[in-house]
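Take a look at the structure set out below.
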Amino acid sequence: MLPLELIRKDPDRVRRAAELKGEPAPIDEILKLDKEWREHLHKAETIKEEQNKLSREFAKTRDEALKDRLRQMADVAKQEMAQAEAVKRELDDLLLRVPNLFHESVPIGMTEADNVVVREWGGKPELGFTARTHYDLGEALGIMDFERAARVSGSRFAFLVGDGARLERALAQFMLDVHTREHGYKEVMPPALVNSASLVGTANLPKFGADLYKVEGQDLWLIPTAEVPLTNFHREEILDGHVLPLKYVAYSHCFRSEAGAAGKDTRGFIRLHHFSKVELVKVTTPEQSMEEFEQLLADAETILQRLGLHYQVMLMCTGDMGFAQYKKYDLNVWCPGLDRYLEISSCSVFNDFQAMRANIRYRPAPGAPPKFTHTINGSGVAMRVIDPLLETYQRSDGMVTVPDVLKPYMGGIELIGAR
RNA sequence: GGGGAGGUGGCUGAGCGGCCGAAAGCACCCGCCUGCUAAGCGGGUAGGGGGUGUAAAGCUCCCUCGAGGGUUCGAAUCCCUCCCUUCCCGCCA
């Protein structure tokens, strides 16, 4: 969330940023409630001060008349405080609904048409035959099963079977190895269920609860991404400045209701209710965050490069970047069969927006007052990289070559579909 | 799930209803002393919020001893509910 102080001082800046993001921001209401809150608080505190003084006096004098007066003061103070708290609760809830500002390098725009391709790697592969989609290939090879998944679970679910399942395991292993051994991330196996405070911390709540699966009757939710448990790993902590930046990587399953996506991407291994990915999260100082963000993006790109997949780096415009992000890149990988780019990773920097919500702080130097950290995350990468992978490495006979970097993880298999 | 013990500052750990935002130790910071290192001496260091201040500093007040309620003029301390940790038993991959 944004500091209340900033909204007080420069409401127009916040309002403008929200508008450019296409997000409503209840600024006027916040300013009004802020004033009300402080009035009640001030009144309560003034009475409290007097009451505390007189109460100390009473301890000495035991004057019964004073006791009556004190009782009345306590009542009034309690009332004022209760009102202040009620207003503050309303205020806090509104504050959680104000979108983040954005970095000056973010292009202004409302739709994805205003996003900017900042670079490309590789080129579209020349297959020399008509490319098939990953779901055609996957079903024909018996490594993807959507029909049975629909029966067992419903639409937007998939089975990976045989070498398909093996491929997912190989990819996870490969990515984790690269990030832990070469990029310095610490591997984490996080819980897949988290409480609502954690979801507020990463800004999934209170606004986006409809996108999440909730456990009935309990304060537990299925994670939509490992970003949630990883970022909240240090919630309510004050870290030593010298441990920053902290870098975590987790392979996890992710669950999304896809409430707003009716009819979109219903075919294939694309927009599932349950999928998995490798997630990168960094906790940094404000000074480090933009550089660490670019590095995290590069770390994700490494994976795609080693897999030999053509991709572009897309800088998201204000209207397409989301509520909480300060700056965001998507990595879009070319899928010859689908004949389009598919988002395989999304990397974002949040400034202190999440850290304020999750109350993640650090002490810049011994004895110095704590400051909010910055947080960064990105997929490194999503397991649906399987789609461009199958489509890129397919052969005219319908079999799929295993990319070199995955061979050590595939138990000697070089060709999916052979025999 | 049943029973016991416990949650206090960056950490360890004391705490009588008012003299407690809190002893002591560790750690850290500043200074002094000592020809290195170590030791010694003195001082300092919780978080959040309001007001004042152009701002930093400062001053001042309020709140916070797991969370939320209650009793009381006054609660870390007494009562209730919840959460978490830990031990024993049960169940379990």
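We use all heavy atoms of the structure for the numbers below, so side chains are in, but hydrogens, waters and symmetry mates are not. Per chain, numbering begins at 1; letters A, B, ... match sequence-line order.
Proximity of residues 47-64 of chain A to RNA chain B (heavy atom under 4.0 angstrom from any strand atom) is restricted to A/K48, A/E49, A/Q51, A/N52, A/S55, A/F58, A/A59, A/R62. Shown for residues 66-84 of chain A: residues whose heavy atoms fall under 4.0 angstrom of RNA chain B, namely A/K67, A/L70, A/R71, A/A74.
When rounded to the nearest whole Å, the span between NE2 of A/H40 and C1' of B/G49 equals 17 Å. When rounded to the nearest whole Å, the span between CD of A/E85 and C1' of B/G50 equals 14 Å. Summarising the geometry, the separation between CG on A/D34 and P on B/G49 is reported as 13 Å, rounded to the nearest angstrom. Rounded to an integer number of Å, the gap from A/N195 CG to B/A67 P is 16 Å. Here B/G48 presents its P atom at 16 Å from CD of A/E45, a figure rounded to the nearest Å. A/M356 places its CE atom 15 Å from the C1' atom of B/G47, with the value rounded to the nearest Å.
Pair assignment for B/G31: B/C41, on the basis of Watson-Crick or G-U wobble contacts that are both within less than 3.5 Å. Look at B/C19: it lacks any Watson-Crick or wobble partner with both distances under 3.5 angstrom. Under the Watson-Crick or G-U wobble criterion, with both distances below 3.5 Å, B/G90 is left unpaired in every strand shown. Using N1 to N3 plus N6-O4 or O6-N4 for Watson-Crick, or N1-O2 and O6-N3 for G-U wobble, each under 3.5 Å, B/G58 pairs with B/U52. Across all strands shown, B/A14 forms no Watson-Crick or G-U wobble pair with both key distances under 3.5 Å.
Residues satisfying the side chain to side chain contact (heavy atoms under 4.5 Å, CB included) test with A/R395, not counting sequence neighbours, are A/D397, A/M399, A/T401, A/L415. Take A/K247 and apply the side chain to side chain contact (heavy atoms under 4.5 Å, CB included) test, not counting sequence neighbours, and it matches A/Y185, A/K282. Residues forming a side chain to side chain contact (heavy atoms under 4.5 Å, CB included) with A/A18 (at least two apart in sequence, or on another chain): A/A25, A/P99. A/F208 is linked by a ring-ring contact (aromatic ring centres under 6.0 Å, His included) to A/F323, counting only residues two or more places apart in sequence or in another chain. Residues that satisfy the ring-ring contact (aromatic ring centres under 6.0 Å, His included) test with A/Y248, not counting sequence neighbours, are A/F233, A/H234. The ring-ring contact (aromatic ring centres under 6.0 Å, His included) search around A/F58 returns none, not counting sequence neighbours. For A/H183, the ring-ring contact (aromatic ring centres under 6.0 Å, His included) partners at least two apart in sequence or on another chain are A/H179.
Between the side chain of A/N100 and the backbone N or O of A/A324, at least one donor-acceptor pair lies under 3.5 Å. No donor-acceptor pair closer than 3.5 Å links the side chain of A/N195 to the backbone N or O of A/D219. The main-chain N or O of A/T46 is never found under 3.5 Å from a side-chain atom of A/E49 such that the two would form a donor-acceptor pair. Of the possible polar contacts, one joining the A/N115 side chain to the A/C317 backbone as a donor-acceptor pair under 3.5 Å is found. Side-chain atoms of A/K67 never come within 3.5 Å of backbone atoms of A/R62 as a donor-acceptor pair (strictly under, hydrogens ignored). Without hydrogens or angle criteria, A/D320 side chain to A/M316 main chain gives no donor-acceptor distance under 3.5 Å. In this structure, the side chain of A/R384 does not engage the main chain of A/F269 through any donor-acceptor pair within 3.5 Å.
Comparing B/G49 with B/U85, their C1' atoms sit 30 Å apart, to the nearest whole Å. Between B/G70 and B/U77, the two P atoms lie 14 Å apart (nearest whole Å). Across the P atoms, B/U12 and B/C92 are found 36 Å apart, a figure rounded to whole Å. The gap from the P atom of B/G42 to that of B/A75 amounts to 37 Å, rounded to the nearest Å. Spacing of C1' atoms, B/G17 relative to B/C88, comes out at 35 Å, to the nearest Å. With C1' as the reference atom, B/G4 and B/A23 are 30 Å apart, rounded to whole Å. Using C1' as the reference atom, B/G10 and B/C29 are 13 Å apart when rounded to the nearest Å. B/U64 and B/G69 are spaced 11 Å apart, taking the P atom of each and rounding to whole Å.
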Listing time: all N or O pairs from protein to nucleotides 27-29 of chain B that are below 3.5 Å?
none

Contact list (N/O, under 3.5 angstrom) for nucleotides 8-12 of chain B vs protein:
none

Check nucleotides 51-59 of chain B against the protein and report each pair of N or O atoms closer than 3.5 Å, with its distance, or say if there are none.
unit_1: B/G51; atom_1: OP1; unit_2: A/R38; atom_2: NH1; d: 2.6

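Taking the nucleotide of RNA chain B with the nearest heavy atom to each of A/P370 and A/A44, the more 5' of the two is matched to A/P370.
A salt bridge is absent between A/R71 and A/D75; no separation between the charged side-chain nitrogens and carboxylate oxygens falls under 4.0 Å.
No option in A/Y326, A/Y329, A/F350 other than A/Y326 meets the ring pair (Phe, Tyr, Trp, His ring centres under 6.0 Å) test with A/H103.
A/E292 and A/T284 share no donor-acceptor pair across their side chains, judged by distance under 3.5 Å alone.
Here the two rings, on A/H274 and A/F157, have centers that are 6.0 Å apart or farther.
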